[in-house]
Amino acid sequence: MKKELSKQYSPAEIEDRLYAEWESKGYFKPSDDKEKQTYTIVIPPPNITGQLHMGHALDNTLQDILIRYKRMKGFSTLWVPGTDHASIATEAKIVEAMRKEGLTKDDVGREGFLQRAWDWNDKFGGRIVSQLKKMGSSCDWSRKRFTLDEGCSEAVKEVFIRLYEKGLIYRGKRIVNWCPKCLTTISDAEVEYEEQAGSFWHLRYPFADGSGYIELATTRPETLLGDTAVAVNPHDDRYKAVIGKKLILPLVGREIPVIADEYVESDFGTGAVKITPAHDPNDFEVGARHNLEIINVFTDDAKIVDDYPKYAGMDRFEARKTIVKDLEEKGFLVGIENYSHNVGTCYRCSTTIEPRVSMQWFVKMEDLAKPAIKAVKDGDIRFVPERFEKNYFHWMENIRDWCISRQLWWGHRIPAFYCDECNEITVTKEESCVCPKCGKEMRRDPDTLDTWFSSALWPFSTLGWPHDTDDLRRFYPTNTLVTGYDIITFWVSRMIFSGLEYTGKAPFDTVLIHGLVRDAQGRKMSKSLGNGIDPLEIIDKYGADALRFALATGNSPGNDMRFSDEKIENARNFTNKIWNAARFVLMNLDIENIELPENHKLALEDKWILSLYNTLVKDVTANIESFELGVALGKLYDFIWDIFCDWYIELLKPRFAAKGTESNLVAQNVIAYVLCGTLKLLHPFMPFITEEIWQSLPHEGDSIMVSDYPEYNLSLSFSDDERKMDMLISAIKAIRNRRAEMNVPPSKKAALYIVTNHTDVFSDATAVFFEKLASASHVVVCENYSGDDAVQIITDSAAVYIPLAEMVDFEKELERLNKEKENVLKEISRIEGKLSNEGFVSKAPAAVVDGERAKLSKYRDTLTGIEAAIEKIK
RNA sequence: GAGGGUGUAGCUCAGUUGGCAGAGCACUUGCUUGACAUGCAAGGGGUCGUUGGUUCAAGUCCAAUCAUCCUCACCA
């Protein structure tokens, strides 16, 4: 049972071994007992393109804390793992890899391309899984899923068909965001706007009848080729007369009308706007209202189309220069103004988005959004912290239809078929079909679905939906969703409306939001900056527990955090501290079983540590229940380091030296009991080290991870003894303090005379503490001290005299005492002021008032002591 | 344009329901004290951004203001 432990903790030796044991024993799977209450988390599936980064490390640490806690609390827990095919990101990587081989998508064809994509998944999908295992994540790997596996694909088809039949999915010619590099549409949510310095070109368009010009301004002169009108505000007096007149489009020569539309703001620019329905979302709407022609001027990759021979094949930015030059030469350019404006870019490749009119599939959002808003308003789902509900509402209340078709191959192919003969559309789960009207073989839509369409179904598709499986009945709805604030709109909101629409239930009850992990300077970690930190390197160097500690401690929900060397070193030091505390305990342990502390004749310090431990159990439990994981971990840190190590272990050393005594036996039982319980409290946060130590201690059961979580126990609450121990501790600290002030080395032992009313506390039994911890040669508790030439240390419960007269400068000592007296008097008058305030005494809770009274009496005792000391010196 | 976050020790950040301001790192001093120098002990260092308000009591609640960061929308 007992092992020799090395002086320094070496995580590398134990982590992989323990993880393999846990997994092989099936601890990650839910309990077989189907009556047990369940607790379920689905993992935010990492993309198969990447490897684990610090964001994942944080996200999964938090999930593992929750799932391990609930497992120990007796829930049947399930953490469903999996990966996301990440259509656009993966496809871009494969295209890039092929480019290096000199190949294009068309060269290898759809089948060939998909083969490459699956190969990619085999190669990289598994890597992220092994990285999650390194973190200690207790996922049920037997239930691992992939957004593109058979089951998820079936769920996607089912949803598509249901929505189509309900009229909530439609196909339409709309203006969409087109990425000319990725060669696909992207949704509104996937567009990132960035401020760019640009120009405002003032142009003039001549009237067809030769009666002068109308002046307008544009940031995109190259789209002039597709202009089909110029719009003004109907109430703009400057232009009322010209509404309906024709203009000649410069360079092109086409006749276009002047139209009136409320969209135009009279006081912006010249009050006249060129309208290009094919290449601007607002213009598209104006065009629709006025029945304007839609003239597309760009190819897929944003080059000018062949219809304009002079510019054909030019890139849009090159065309801009040429067109501006031509306009200038022909006298249509009035001037150029510097102008900074927001430009939409692709969230994957940062290429400037080209709005483009095309036939796409959309999800009609209005009806889906309403119940999703209600579920959060009603509290069926809550966000932690709550403030993110506002973001959610804002997004949901202003939602526009969701463009779901993507011109990509890697993804769920849209289950729609078209008849080239009679234009019939059929939506079906089948892989091919013939036209129900004319019997001709139908052509399948070549496009795939937005990758978020499948991740929106993740909480239930992973459990077997649309089939009514055991897992779905047992584990759905899930409980907590843990994710970063950056994907609330992309993912969380879509899971909520999807869950409500297809299963009739909110997919989870709580959304725990965390922030970003930034570098030590507070910068976002990114590839381009090269400031990313690899969690696996950290694990190799410091261990997974240290990494988990560094990520979980001092972090509060929804807030960004910095990751730094100091933080991880502190975490590593903490693991080492725990290791050595355990090592000390084991060195002094010869009991085979830990007996409950109630059965023993407990010493003061035993009751004190048990009482503090008991409070810790209550606090940590409450903090975890309310998702204050950082606070809970902070309390564990303080208890282990400051209370357990720095005090209790030190207090016990004399008893451990006295082998074979009853007191020694009691000490063994109490310290083992407290250590064991504390390890359990810490286990969800730091699973490896706690398991390794727990296995070395006397224990029942096979693993700490399936042991019972400690419960608050009223019979371990000893408030009197806490107070008594505090008297001793503050006396010891005061003595140390004085000795340090006087530069007395610890090796210089001195006699202590303690004058006190609390002879039950300052007694023969506790004298040894002063010898061990306050450098006392011997301790005398007496009614009063009559010897002269002593250093006097006054606490609220005792006056301590150290005959060290030769080391003390009396004048300095008097000065110090007077200063201390002044401080105490200040405190006394502060509290007296408070207590003489009628409002405070009558309105504040009795406990607070009593607390103040007790403090006052302590300070008065201290004052008496100080005054006596001053008297003595004089 | 709309919404939100943050502002606490030199630095990075906690601070749960309002009840005497905390940690880590850094700094000063002293310690090879029988688990740990990845350690022990003692210490210095804060008008809790600013101004008002509510309250017996405000870092905490309210209002305003300054600084800073973010999200959403977007006017050509």
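Values below: every heavy atom of this structure, side chains too, minus hydrogens, waters and symmetry copies. In this text the structure is predicted, and so the values were computed from the model without any measurement. The chains referred to below are lettered A, B, ... by the order of the sequence lines, with proteins before strands, and numbering in each begins at 1.
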What protein N or O atoms touch nucleotides 4-9 of chain B N or O atoms at under 3.5 angstrom, if any, and at what distances?
unit_1, atom_1, unit_2, atom_2, d
B/rG4, OP1, A/Lys390, NZ, 3.2

Please list, pair by pair, any protein nitrogen or oxygen found under 3.5 Å from a nitrogen or oxygen in nucleotides 62-70 of chain B.
none

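Separating the CZ atom of A/Phe770 from the P atom of B/rU33 is a distance of 22 Å, rounded to the nearest angstrom. Rounded to an integer number of Å, the gap from A/Lys653 NZ to B/rA35 P is 4 Å.
A residue-by-residue look at A/Lys834 and A/Glu265 shows that A/Lys834 has its nearest nucleotide of RNA chain B further toward the 5' end. Comparing A/Cys645 and A/Phe574 by the nucleotide of RNA chain B whose heavy atom lies nearest to each, the residue mapping closer to the 5' end is A/Cys645.
Looking at the side chain of A/Pro845, the nearest of the listed nucleotides B/rG19, B/rA76, B/rC40 is B/rG19. Between B/rU38, B/rC40, B/rC31, one nucleotide has an atom nearer to the side chain of A/Arg572 than all others, and that is B/rU38. In this structure, the nucleotide among B/rU38, B/rA73, B/rA42 sitting nearest to the side chain of A/Tyr193 is B/rA73.
The side chain of A/Asn398 places no N or O atom within less than 4.0 Å of a non-bridging phosphate oxygen (OP1 or OP2) of B/rC72. Regarding contacts with the backbone of B/rG43, a side-chain N or O of A/Asn737 is found under 4.0 angstrom from either OP1 or OP2. For B/rA76, the OP1/OP2 oxygens have no side-chain nitrogen or oxygen of A/Lys274 closer than 4.0 Å. Regarding contacts with the backbone of B/rA14, a side-chain N or O of A/Ser556 is found under 4.0 angstrom from either OP1 or OP2. The phosphate of B/rC40 (OP1 or OP2) has a side-chain N or O of A/Trp641 nearer than 4.0 angstrom. Side-chain N/O atoms of A/Arg562 include one lying less than 4.0 angstrom from OP1 or OP2 on B/rC13.
With contacts defined as side-chain heavy-atom distances shorter than 4.5 Å, the pair A/Tyr859/A/Asp796 does not qualify.
Between A/Asp850 and A/Arg853 there is a salt bridge, since at least one side-chain N of the basic residue sits less than 4.0 Å from a carboxylate O of the acidic one. A salt bridge between A/Glu569 and A/Arg572 is absent, with no side-chain N of the basic residue lying under 4.0 Å from a carboxylate O of the acidic one.
B/rA26: no Watson-Crick or G-U partner with both key distances under 3.5 Å is found in any strand.
B/rC48 sits 23 Å from B/rG43 when the P atoms are compared, rounded to a whole Å. If you take atom C1' in B/rG53 and the same atom in B/rU12, they sit 33 Å apart, rounded to whole Å.
Counting heavy atoms of neighbouring residues, nucleotides and ligands inside a 6.0 Å radius, atom NZ of A/Lys858 does not exceed 12 of them.
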